[in-house]
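Notes follow the structure.
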2 protein chains.
Amino acid sequence: MATLKEIAEMANVSLGTVDRVIHNRGRVAAETAARVRRIVEQVNYRPNILARSLSSAKTFHFGILVPFPEQDGNYWYLPRQGIDRAAEELQVYKVEIEYFPYDKYDENSFAAAAQQVLKNIHQIDGLLIAPVLSKAAEKFITQLPKRLAYIFLDSYIPRSHCLSYIGEDSFQSGLLAAKLMSLLTHDGKSAVIKAIPFNYHIEDRVRGYLSYFESKPSAKVFVFEASSQDSCSFQNAAAQILEHHPDIKGIFCSNACSFQVAKAVYASRRRIALVGYDLVKENIEWLEKGVIDFLISQRSEIQGYNALYRLYRAVALKEKIEPALYVPLDIVTKENLRYYQN
Amino acid sequence: MATLKEIAEMANVSLGTVDRVIHNRGRVAAETAARVRRIVEQVNYRPNILARSLSSAKTFHFGILVPFPEQDGNYWYLPRQGIDRAAEELQVYKVEIEYFPYDKYDENSFAAAAQQVLKNIHQIDGLLIAPVLSKAAEKFITQLPKRLAYIFLDSYIPRSHCLSYIGEDSFQSGLLAAKLMSLLTHDGKSAVIKAIPFNYHIEDRVRGYLSYFESKPSAKVFVFEASSQDSCSFQNAAAQILEHHPDIKGIFCSNACSFQVAKAVYASRRRIALVGYDLVKENIEWLEKGVIDFLISQRSEIQGYNALYRLYRAVALKEKIEPALYVPLDIVTKENLRYYQN
DNA sequence: AAGAATTGCGTGAACGATAACGCATAAGTA
DNA sequence: TACTTATGCGTTATCGTTCACGCAATTCTT
């Protein structure tokens with residue numbers, strides 16, 4: 001691999017000149033610059049990242065705008081773990097992160113976090129945003145300086161200038177859930193518990209689920225709602241379903257609160273197929289107990305890890321990154337669970 | 001993070017002395033060494049990897065002993081992809097790899113590859129071994145110099161001094177396959193196609209499969225064999241099964257040759273549940289077509305990637321690494337396939 | 001006791017990039 | 001004309017290691 005020094009020799013200039021050309025720092029004659037650039041192309045120069053981050057005085061500051069970890073049945077701990085892991089690895093590359101957590105059910109809370117970010121915006125080199133509160137987030141990103149890079153995690157805002165989106169394909173994930181339910185119940189009657197308030201992901205999962213069964217009219221599906229803010233709401237909803245639908249064969253829980261549903265199913269002493277989401281601690285316990293049949297995992301830890309890494313690569317290494325990364329939808333059951341933990 | 005220079009100042013010695021202490025290069029008074037070591041402990045010194053690999057003249061050479069990529073229905077391309085990806089990333093850290101591929105059905109071929117390795121052994125810093133031919137591999141590792149680090153990929157040799165094993169838990173993987181088959185066929189009669197010649201993994205998968213159904217006597221299971229050396233053998237075996245067992249509900253193919261089985265199932269025009277292994281190209285096609293219902297993937301690409309990375313971390317960074325990494329057993333179906341492809 | 005070998009320690013040149021600085025020469029301004 | 005300012009380019013210190021080298025002081029030879 002060619003070095004700046006070698007290129008300098010080939011172009012009959014000094015190392016400093018090559019450096020100036022590469023970084024467009026000016027103070028180079030047009031002719032010389034062209035000559036250098038040609039050679040740079042020719043030898044397919046790639047800067048040595050090691051040398052760069054060793055020499056560069058620059059520290060990168062990334063802001064992380066995500067919901068409080070406890071929210072959505074402790075779901076938000078998972079991406080955070082991945083973010084923290086990436087941050088640790090990136091320490092040697094002079095990367096520092098700061099969390100600006102918010103309450104995902106409170107626009108004011110998001111606004112306050114956003115305000116914090118904007119206050120220090122000149123010393124922030126990039127943002128990782130989970131735009132769960134889409135309206136508030138949409139407003140926020142218009143207030144960002146144009147140069148500022150940001151990546152969306154988990155959710156997405158169309159027509160934004162985000163560098164990349166990392167998350168699941170929710171529709172397909174609902175479809176997958178339906179396929180599993182179809183196998184478990186032999187296309188029996190099933191209930192969907194939709195988390196409210198409105199969330200793009202959840203809606204999409206439910207749409208995916210319903211669309212799978214559209215072609216199977218024998219498999220009846222009923223949709224119910226439960227509030228993801230109130231931890232008991234899912235349990236109550238499930239209990240209601242079980243009480244009023246003695247012929248129900250399965251329940252699909254559209255978010256990480258599946259353990260609440262499991263409690264109700266367990267209490268009913270009936271054999272009900274249960275498909276849910278995400279490897280939060282309590283879900284894992286109910287999966288092990290055999291009350292939850294399948295959990296669909298969206299590799300939440302990996303999502304966080306990859307998101308921060310991509311932000312780093314885009315901002316620090318100026319790499320072009322893929323506009324979207326759809327993470328695998330892992331099907332987790334009692335039999336393969338242990339290999340997904342950590 | 002403390003640097004050598006800082007430690008040197010704290011210990012009232014020069015940078016070079018600290019370096020000698022840390023690397024046990026001698027030429028340091030016992031007293032001085034102790035003093036330096038205490039401070040090194042105290043400040044929890046971690047060498048800066050960037051600076052290290054930038055300055056170090058040392059290039060690491062790792063040998064890769066794996067079967068030819070085409071073997072086992074092109075299976076061995078997958079780990080190789082991961083190894084290559086890791087090698088590319090590790091280039092800046094001065095890592096070079098060399099393949100010593102062998103024919104997994106020919107002990108002589110392995111011996112020849114091993115001979116090649118031994119010939120250049122003094123310039124090799126570590127080995128990645130897929131000890132598929134366990135006897136030959138066992139003999140080989142006794143011939144290695146004691147200092148030489150090696151990691152097992154895919155398969156394992158007990159009582160060896162390997163740094164780590166990376167692969168699947170085959171028994172559990174067979175169990176998982178059985179669970180899926182049980183769902184697909186409602187505990188109907190199923191056939192297992194066991195790949196021969198003898199292979200520890202395959203045996204274990206089959207044992208896992210059978211053990212799952214032991215508790216369900218209604219679900220009859222028959223075991224057949226097919227040679228993984230002869231590409232048509234699986235197709236023929238499947239055709240035989242389908243012909244002689246009109247009441248069969250599902251086939252479990254114990255290795256990556258599942259696409260051969262799919263051909264036979266497709267030709268029979270019967271609706272047969274089919275569970276197989278690994279995301280090789282042809283398997284993916286039959287999964288998309290709906291002939292294969294589930295593929296269990298052992299993250300073969302990731303296996304390769306992680307294996308080389310661990311070898312690097314163990315040898316170059318002298319990190320302690322986990323003695324075993326059981327990769328997740330991914331359940332891949334038509335609905336979530338696309339997110340597993342690369 | 002004179003010379004050789006060993007021990008203890010410091011020095012300084014890499015590695016490849018960043019970025020400040022300095023110094024000519026050229027162009028613009030009063 | 002004498003000055004500032006801009007342009008074009010080279011030089012050099014720095015980041016944190018590695019590692020060869022060199023030079024005393026000490027110890028071992030014979």
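Letters A, B, ... are given to chains in the order of the sequence lines, protein chains preceding strands, and every chain is numbered from 1.
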Geometric cation-pi criterion, A:Arg80 with A:Tyr99: 6.0 Å, 45°: yes
Lys/Arg N to Asp/Glu carboxylate O, B:Asp125 vs B:Lys318, below 4.0 Å: no
Any donor-acceptor pair under 3.5 Å from A:Lys5 side chain to A:Leu15 backbone: no
Pair A:Tyr102-A:Phe68, ring pair (Phe, Tyr, Trp, His ring centres under 6.0 Å): steps then yes or no: CA-CA 6 Å; A:Tyr102 63 88; A:Phe68 291 123; 7.6 Å; no
Angle of first-five versus last-five pair axes in the helix from C:dA1-D:dT30 to C:dA27-D:dT4, to 10 degrees: 50°
Donor-acceptor under 3.5 Å (A:Asn48 side chain, A:Ala51 main chain): yes
Any residue of residues 310-318 of chain A with a heavy atom less than 4.0 Å from an atom of DNA chain C: none
Side-chain N,O (A:Thr32) to OP1/OP2 (D:dC9) below 4.0 Å: yes
Salt bridge (charged side-chain N to carboxylate O under 4.0 Å, His left out) against A:Asp19, all qualifying residues, sequence neighbours excluded: A:Arg25
Residues A:Arg310, A:Glu319: salt bridge by 4.0 Å N-O rule: no
Covered region of DNA chain C, 5' end to 3' end, by chain B [heavy atoms, under 4.0 Å]: C:dT7 to C:dG16
Side-chain donor or acceptor of A:Thr17 paired with backbone N/O of A:Val13 under 3.5 Å: no
B:Lys104 side chain vs B:Val132 backbone, donor-acceptor pair below 3.5 Å: no
Check: B:Asn44 side chain, B:Val40 main-chain N or O, donor-acceptor pair, under 3.5 Å: no
Protein-to-nucleotide contact annotation, 5' to 3' order, nucleotides 15-25 of chain D [B base; S sugar-phosphate only; - none; under 4.0 Å, heavy atom]: BBBBB------
Separation between CZ of A:Phe110 and OG of A:Ser134, rounded to the nearest 0.5 Å: 10.0 Å
Pairs where residues 158-168 of chain B contributes a residue and the test salt bridge (charged side-chain N to carboxylate O under 4.0 Å, His left out) is met, not counting sequence neighbours: B:Glu168-B:Arg205
